[in-house]
Amino acid sequence: MFTAEIDKGLAGIGAQRELAQLLDEVRAFIKRYLVLRDDEVNILTVWTVHTFCIEAFDYTPYLAITSATPSAGKTRVLEVLDLLIDDGTHEKSWLTASTTKAVLVRKIDALQPVLLLDETDGAFRGNQEYAEALRSILNSGYSRRSGTASLCIGPQHDWKDFKTFCPKAFAGIGRKNLPDTVLSRSIPIEMKRKRRDERVEKLRYREAEEIVTPIRERIEAWVTPQISALQAARPALPPGLEGRA
């Protein structure tokens with residue numbers, strides 16, 4: 001799919017064609033394990049590669065993965081993204097359903113991981129201090145320039161700013177459980193329970209890791225020499241898109 005689009009206008013240009021082939025491979029891997037609309041698969045595909053070259057971007061759109069009911073595949077989306085992004089060190093992506101305010105702020109500041117946060121419906125309905133901290137981190141952390149959270153540290157209660165900028169995807173039941181300010185920074189992915197006639201492969205991690213490792217390594221190899229070009233890129237946006245949109 002992506003290769004075909006590149007070939008229409010950029011045939012013979014090596015870096016673009018290589019990227020298109022990688023996008024096709026990422027897309028095929030996602031479709032092995034997830035039932036999604038084509039546009040949602042494309043969003044996940046491009047967003048995945050975006051996380052590898054995040055240093056070229058001043059903003060990062062979040063993924064808000066929701067469903068009206070449990071058992072609709074939300075967690076599986078995060079698991080597939082984790083396989084695509086992390087190299088086994090658990091530093092490039094951070095898949096979690098439970099953490100504390102202190103750990104959340106400090107780990108993002110230290111590692112700038114791709115945060116894959118599950119069970120956000122419970123997080124925003126639960127402890128209000130944590131819910132407010134999470135909302136603040138999500139609101140500030142999509143922009144490299146303004147992405148900080150301030151905490152008191154040490155026995156003297158000195159304050160310190162922690163960086164909150166990093167790619168983030170979060171999953172939970174119901175969009176109403178997410179603050180409007182968070183939704184406005186997010187691309188919605190709405191999951192539904194798989195129908196009986198819809199078939200995907202069972203996710204077996206060792207087998208999936210064998211498939212995805214060479215894809216991940218080729219993305220990393222492609223990104224390294226392209227960072228400067230991505231930083232300098234100024235793509236034309238569709239009419240009517242302004243500000244956060």
Side-chain angles (χ1 to χ4, degrees), residues 44 47-48 50-52 54-55 57-67 70 72 74-191 244:
L44 292 179
W47 189 86
T48 296
H50 162 76
T51 68
F52 282 81
I54 187 64
E55 64 182 275
F57 291 88
D58 290 326
Y59 295 90
T60 180
Y62 300 154
L63 298 182
I65 304 157
T66 62
S67 69
K74 299 181 299 298
T75 300
R76 182 53 47 85
V77 174
L78 298 181
E79 291 169 343
V80 169
L81 290 174
D82 187 47
L83 278 163
L84 281 161
I85 296 165
D86 195 69
D87 59 2
T89 63
H90 303 296
E91 293 185 356
K92 293 191 174 183
S93 70
W94 179 21
L95 174 58
T96 183
S98 177
T99 184
T100 65
K101 173 183 175 181
V103 171
L104 186 66
V105 171
R106 285 167 171 79
K107 189 166 182 177
I108 290 175
D109 178 77
L111 300 179
Q112 197 184 50
V114 180
L115 177 62
L116 305 174
L117 185 62
D118 207 356
E119 309 290 349
T120 50
D121 52 312
F124 281 112
R125 292 200 313 262
N127 180 279
Q128 288 305 298
E129 181 181 1
Y130 174 69
E132 180 58 26
L134 179 59
R135 186 191 66 79
S136 175
I137 289 166
L138 293 176
N139 283 351
S140 65
Y142 87 112
S143 168
R144 184 184 297 276
R145 289 191 296 271
S146 60
T148 61
S150 302
L151 295 180
C152 288
I153 59 172
Q156 302 302 317
H157 299 289
D158 297 324
W159 61 267
K160 178 181 177 181
D161 287 338
F162 292 85
K163 298 184 295 292
T164 56
F165 179 76
C166 71
K168 303 175 184 69
F170 36 87
I173 296 174
R175 292 181 65 179
K176 291 183 179 180
N177 292 311
L178 292 171
D180 290 341
T181 52
V182 172
L183 280 173
S184 69
R185 290 161 168 81
S186 306
I187 300 171
I189 304 290
E190 297 190 21
M191 304 295 294
R244 194 173 298 156

Colleague: For the CD atom of Gln112 and the NZ atom of Lys163, what is their distance to the nearest 0.5 Å?
Modeller: 8.0 Å
Colleague: What pair of heavy atoms forms the shortest contact from Leu183 to Ala64, and how long is it?
Modeller: CD2-CB, 4.3 Å
Colleague: Counting N and O atoms only, with roles assigned by atom type, does the side chain of Trp47 sit under 3.5 Å from a partner on the main chain of Pro61, one being a donor and the other an acceptor?
Modeller: yes
Colleague: From Thr60 OG1 over to His50 NE2, what is the distance, rounded to the nearest 0.5 angstrom?
Modeller: 3.0 Å
Colleague: Does the side chain of Thr66 come within less than 4.5 Å of Pro188's, by heavy atoms?
Modeller: no
Colleague: Going by heavy atoms in the side chains, are Thr99 and Tyr130 under 4.5 Å from each other?
Modeller: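 Sidechains of Tyr130 and Thr99: in contact.
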Colleague: Find the distance between OG1 (Thr75) and CG (Asp118) and round it off to the nearest 0.5 Å.
Modeller: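 Here the interatomic distance stands at 3.5 Å.
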Colleague: To the closest 0.5 Å, what do you measure between CZ (Phe165) and CD (Glu55)?
Modeller: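 CD of Glu55 is found 10.5 Å from CZ of Phe165.
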Colleague: Give a yes or no answer on whether the side chain of Asp86 reaches the backbone of Ser93 with a donor-acceptor pair at less than 3.5 Å.
Modeller: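 Confirmed, Asp86 side chain pairs with Ser93 backbone.
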Colleague: Taking the side chain as everything from C-beta on, heavy atoms only, tell me whether Thr120 gets closer than 4.5 Å to Asn177.
Modeller: no
Colleague: Taking the side chain as C-beta and beyond, is there a heavy-atom pair between Trp94 and Leu104 under 4.5 Å?
Modeller: yes
Colleague: Using modelled atom types and a 3.5 Å cut-off, is there a donor and acceptor pairing between side-chain atoms of Arg144 and backbone atoms of Ile54?
Modeller: yes
Colleague: Counting N and O atoms only, with roles assigned by atom type, does the side chain of Tyr62 sit under 3.5 Å from a partner on the main chain of Tyr142, one being a donor and the other an acceptor?
Modeller: yes
Colleague: Compare all side-chain heavy atoms of Phe124 with those of Leu134 and state whether any distance is below 4.5 angstrom.
Modeller: yes
Colleague: Do Ile173 and Lys74 make a side-chain contact, defined as non-hydrogen atoms from C-beta onward lying under 4.5 Å apart?
Modeller: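 Ile173 reaches Lys74 side chain to side chain.
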Colleague: If the condition is side chain to side chain contact (heavy atoms under 4.5 Å, CB included), which residues does Ser184 pass it with, not counting sequence neighbours?
Modeller: Arg244
Colleague: With rounding to the nearest 0.5 Å, note down the distance linking OG1 in Thr48 to CG in Leu81.
Modeller: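 Answer rounded to 0.5 Å: 5.0 Å.
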Colleague: When you measure from the side chain of Glu119 to the backbone N and O of Leu117, does any donor-acceptor pair fall under 3.5 Å?
Modeller: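 Between the backbone of Leu117 and the side chain of Glu119 there is no qualifying donor-acceptor contact (under 3.5 Å).
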Colleague: Would you confirm whether Ser136, through its side chain, and Glu132, through its main-chain N or O, come within 3.5 Å as a donor-acceptor pair?
Modeller: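 No; judged by distance alone, with no hydrogens or angles, the pair does not exist.
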Colleague: Of Leu95, Leu84, Leu116, which is the lone residue that meets side chain to side chain contact (heavy atoms under 4.5 Å, CB included) with Glu79?
Modeller: Leu95
Colleague: What heavy-atom pair brings Ala131 and Ala123 nearest, and what distance separates the two atoms?
Modeller: CB-O, 3.5 Å
Colleague: Measure from the side-chain N and O atoms of Lys168 to the backbone N and O of Gly141, and report whether any donor-acceptor pair falls under 3.5 Å.
Modeller: yes
Colleague: As an exercise, state the distance from CG of Leu178 to CZ of Arg185, rounded to the nearest 0.5 Å.
Modeller: 12.5 Å
Colleague: Verify side-chain contact (heavy atoms from CB on, under 4.5 Å) between Val182 and Asn139, making sure each step is shown before the conclusion.
Modeller: CA-CA 6 Å; Val182 172; Asn139 283 351; 3.6 Å; yes
